[in-house]
Amino acid sequence: MPEPSDADRRKAAQLDPAFAGARLIDALERGWEIGFRCQYCGTGKTWRRDTMLGRARRYLNCTMTEIQARLPAHDVPAACRS
């Protein structure tokens, strides 16, 4: 399978407009679980209520787009890229 181009990665990282404008506090109130997935290796993380009220508390008033821009990029090991 060929390596995705930078344009393909940007397109894959775009959020659905209805979701992009939602604030994390809205997700908490609605009982959502927010999932993140590495574009290189496919590993994922999920933010549940305990995460949103714990280490992600500072992001509660941010939109999903703002959170995506603020979160540190995944350190991609060489093994994920090959």
Problem - Shortest non-hydrogen contact from Leu15 toward Ala20 - result: CB-CB, 3.9 Å
Problem - Shortest non-hydrogen separation from Met52 to Trp32 and the atoms involved - result: CE-O, 3.2 Å
Problem - Derivation and outcome, side chain to side chain contact (heavy atoms under 4.5 Å, CB included), residues Arg23 and Asn61 - result: CA-CA 6 Å; Arg23 298 198 177 276; Asn61 198 35; 3.6 Å; yes
Handout entry: Distance in Å, Arg57 CZ paired with Leu24 CG, rounded so as to fall on 0.5 Å steps
Key = 11.0 Å
Problem - Spacing of NZ belonging to Lys45 relative to CD belonging to Glu33, to within rounding of 0.5 Å - result: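 If I round to the nearest 0.5 Å, the distance is 15.5 Å.
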With sequence neighbours excluded, what pairs up with [X] under the side chain to side chain contact (heavy atoms under 4.5 Å, CB included) test?
{"X": "Arg58", "answer": "none"}
{"X": "Ala18", "answer": "Asp16"}
{"X": "Arg49", "answer": "Leu28, Leu53"}

Handout entry: Student check: side-chain heavy atoms of Met64 and Ile34 closer than 4.5 Å
Key = yes
